[in-house]
*Asks:* 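Before anything else, here's the structure in question.
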Amino acid sequence: MNQLPPAFRAQMQAQLGDEFSAFEAALAQEPPVSIRLNPRKRAFDVTGLEQVPWCAEGYYLPSRPVFTLDPLFQAGAYYVQEASSMLLAEAMRQTANLDRPLRVLDLCAAPGGKTTLLASLLSPDSLLMCNEVIRTRVPVLRENVEKWGFPNVVITNHDPDEFGKLEGFFDVVMVDAPCSGEGLFRKDTDAMQEWSMENVALCSARQRRILSATLSLVDQGGLLIYSTCTYNDVENRDNLLYLAENGFRNCPLILPADWNITEKLVDGAVGYQCYPHRVRGEGFFMSVFKKTAFAPAQRPNARPFRDWKPLRPRETALVRDYLSDPNAFSYWTKPNGELVGIPVALEKDLYHVHEALRNKGFGLQLGTFKGTDFIPDHALALSTALAPNLPGVELSKEEALRYFKKENLVLNEPVRGWVLARYEGLPLGWMKGVGNRVNNYLPKDWRIRMEIKEYH
Ligand code: SAM
């Protein structure tokens, strides 16, 4: 590992005292590898794997495989996530009522680690909005959300200042803030190179701006969760104080002592810090707050989706066959011809979202009609709402990887029409049998670009 910046060294020596040498030694080790399972796509065998103590779906792997070449990863059976940040699962379990439908905003969401974790935790009738301000980071967020396959997730692309029409709308707002990244130094040497006291101060001020735009979005009694992957007080402590002084009461968590997570007390508020020499994970900081200040009452009813048309009955009958619970959706055509399934339980909330924000995507992407032919969407193949008994072909690992290379497969048995490519029972995407050929409908942006030398 490169030399630590001297000012960072001094900061950590002051913060850790006698433990500093253990901290420094941990930074010279390989980071642990951990994954989090998709509770609605059970296929990964976890026999013999050690569980992440604070997240029921989190597991450590003994070494780092090439995830890109695992069809189960491509199918959304698991997400590769650094273990410390899964502490969010325990925080939500202790502070949110996960049995009732919640409106949740993940404000700084790309690439989607916290979003997919939140989606797994929330009740099915909850609304999860994940937002990423940087446009070029939205595609990776979208890909991860589509792979995870939960139809209750909305993706938006806005600055935190642009959510004003959703004041008081959310039961939980997660701010996983852009930070100086001290906690990722052993994984990300760029973060270490870019580190400076000036940059820490800039990050802290940016976080303050993001938080100040967030305060009014939380409903009275709702939660605001602030997290960073850094250790310094300028970012973490100062922003904790800011929240405590602006209408939020800090919520302590009860964490078992043998998890080795450090409690940092700031004027009566507490934040939880993971250090890499104390836990099997990277540096991570999190604190939970409850809104005590007034939030505006519920807004009047919004109008149904402007410019969208209810899907015609004949077409609706056709697409309903693709879903395990067709009555759970209403069916719409967007002006660009895309068909969308809207979870009925979320319809009124989504009217508001549609009116409030311009850059967004929501609902289950069903596909499009070309004449009378229905072309199912890739997102539909990966959705947990897909009917389980649709025609499909179980592929070998080699065939699955060739599918992800976007090759046209030669199958043992002829197939006709739309069929699912499946691997260990999980849908990977669509194929269409035409005569003797099977066309591969994987979207080209999803193609595996790396050269595959070994298919087994
Ligand atoms: N929550 C993500 C996860 O778990 O995978 C990681 C989020 S990362 C720590 C912070 C995110 O904030 C980045 O995606 C970054 O693009 C975004 N960001 C950067 N500047 C921002 C700003 N001014 N307002 C809101 N988000 C910002």
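Both ligands and their constituent atoms are indexed starting at 1 by order of listing. As the structure is a prediction and not an experimental result, all values here were calculated from the model.
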*Asks:* For the side chain of Asn38 and the backbone of Gly76, is there at least one donor-acceptor N/O pair under 3.5 Å apart?
*Replies:*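 Such a contact is found between Asn38 side chain and Gly76 backbone.
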
*Asks:* Are the side chain of Gln207 and the backbone N or O of Pro178 linked by a donor-acceptor pair below 3.5 Å?
*Replies:*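 Yes, the answer is positive, given that a donor and an acceptor are paired below the 3.5 Å cut-off.
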
*Asks:* Just need the protein heavy atom nearest to atom 23 (N) of ligand 1, so name the residue and atom and give the distance.
*Replies:*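 Checked against all protein heavy atoms, atom 23 (N) of ligand 1 sits closest to Arg206 CD, 3.8 Å.
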
*Asks:* We want to know whether Gln273 and Lys264 form a side-chain donor-acceptor pair, criterion being a heavy-atom distance below 3.5 angstrom.
*Replies:*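 Note: Gln273 and Lys264 side chains meet the donor-acceptor criterion.
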
*Asks:* Between Cys203, Ala110, Gly112, Cys179, which one has a non-hydrogen atom sitting closest to atom 7 (C) of ligand 1?
*Replies:*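 Selected option, by shortest heavy-atom distance: Ala110.
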
*Asks:* Between the candidates Asp176, Val175, Asp161, which shows the shortest non-hydrogen contact distance to atom 1 (N) of ligand 1?
*Replies:*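 Minimum heavy-atom distance to atom 1 (N) of ligand 1 goes to Asp176.
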
*Asks:* Of the protein's non-hydrogen atoms, which lies at the shortest distance from atom 11 (C) of ligand 1, and what is that distance?
*Replies:*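 Of every protein heavy atom, Cys108 CB, 3.7 Å lies nearest to atom 11 (C) of ligand 1.
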
*Asks:* Measure the distance from atom 27 (C) of ligand 1 to every protein heavy atom, then report the residue, atom name and distance (to 0.1 Å) of the closest one.
*Replies:*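 Closest protein heavy atom to atom 27 (C) of ligand 1: Val133 CG1, 3.4 Å.
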
*Asks:* Could you tell me whether Gln81 approaches ligand 1 through its side chain, its backbone, both or neither, with non-hydrogen atoms closer than 4.0 Å?
*Replies:*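 Gln81 to ligand 1: no contact under 4.0 Å from either part.
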
*Asks:* Looking only at side-chain N and O atoms, does Tyr351 offer a donor or acceptor that is under 3.5 Å from a partner on Glu347?
*Replies:*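 Yes, side-chain donor-acceptor contact under 3.5 Å.
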
*Asks:* Relative to the heavy atoms of Gly113, which atoms of ligand 1 are at a distance of less than 4.0 Å?
*Replies:*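 Under 4.0 Å from Gly113, ligand 1 has these atoms: 3 (C), 4 (O), 5 (O).
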
*Asks:* Tell me: protein heavy atom nearest atom 18 (N) of ligand 1, and distance?
*Replies:*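 For this ligand atom, the closest protein heavy atom is Pro178 CG, 3.7 Å.
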
*Asks:* Salt bridge between Glu162 and Arg358, side-chain N to carboxylate O under 4.0 Å?
*Replies:*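 A salt bridge is absent here (no side-chain N lies under 4.0 Å from a carboxylate O).
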
*Asks:* Relative to the heavy atoms of Pro111, which atoms of ligand 1 are at a distance of less than 4.0 Å?
*Replies:*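 Once the distances to Pro111 are compared, the set is 5 (O).
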
*Asks:* Quiz question: by atom type and distance under 3.5 Å, do the side chains of His378 and Glu146 form a donor-acceptor pair?
*Replies:*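 His378 vs Glu146: no donor-acceptor pair found between side chains.
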
*Asks:* Less than 6.0 angstrom from the centroid, inside 45 degrees of the normal: does Arg40 satisfy that with respect to the ring of Phe150?
*Replies:*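 Pair Arg40/Phe150 counts as cation-pi.
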
*Asks:* State whether Phe170 and Arg103 meet the cation-pi test: NZ (Lys) or CZ (Arg) under 6.0 Å from the six-membered ring centroid, and within 45° of the perpendicular axis.
*Replies:*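 No - Arg103 does not lie over the ring of Phe170 by the 6.0 Å and 45° rule.
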
*Asks:* Can you check which of His158, Lys114, Arg209, Glu132 brings a heavy atom nearest to atom 15 (C) of ligand 1?
*Replies:*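 Minimum heavy-atom distance to atom 15 (C) of ligand 1 goes to Glu132.
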
*Asks:* Closer than 4.0 angstrom: is that true for some heavy atom of Cys229 and an atom of ligand 1?
*Replies:*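 Cys229 does not count as a contact of ligand 1 under the 4.0 Å cut-off.
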
*Asks:* Just to be sure I read this right, does ligand 1 sit under 4.0 Å from the backbone of Met174, its side chain, both, or neither, counting only heavy atoms?
*Replies:*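 For Met174, there is no contact with ligand 1 at all, from either part.
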
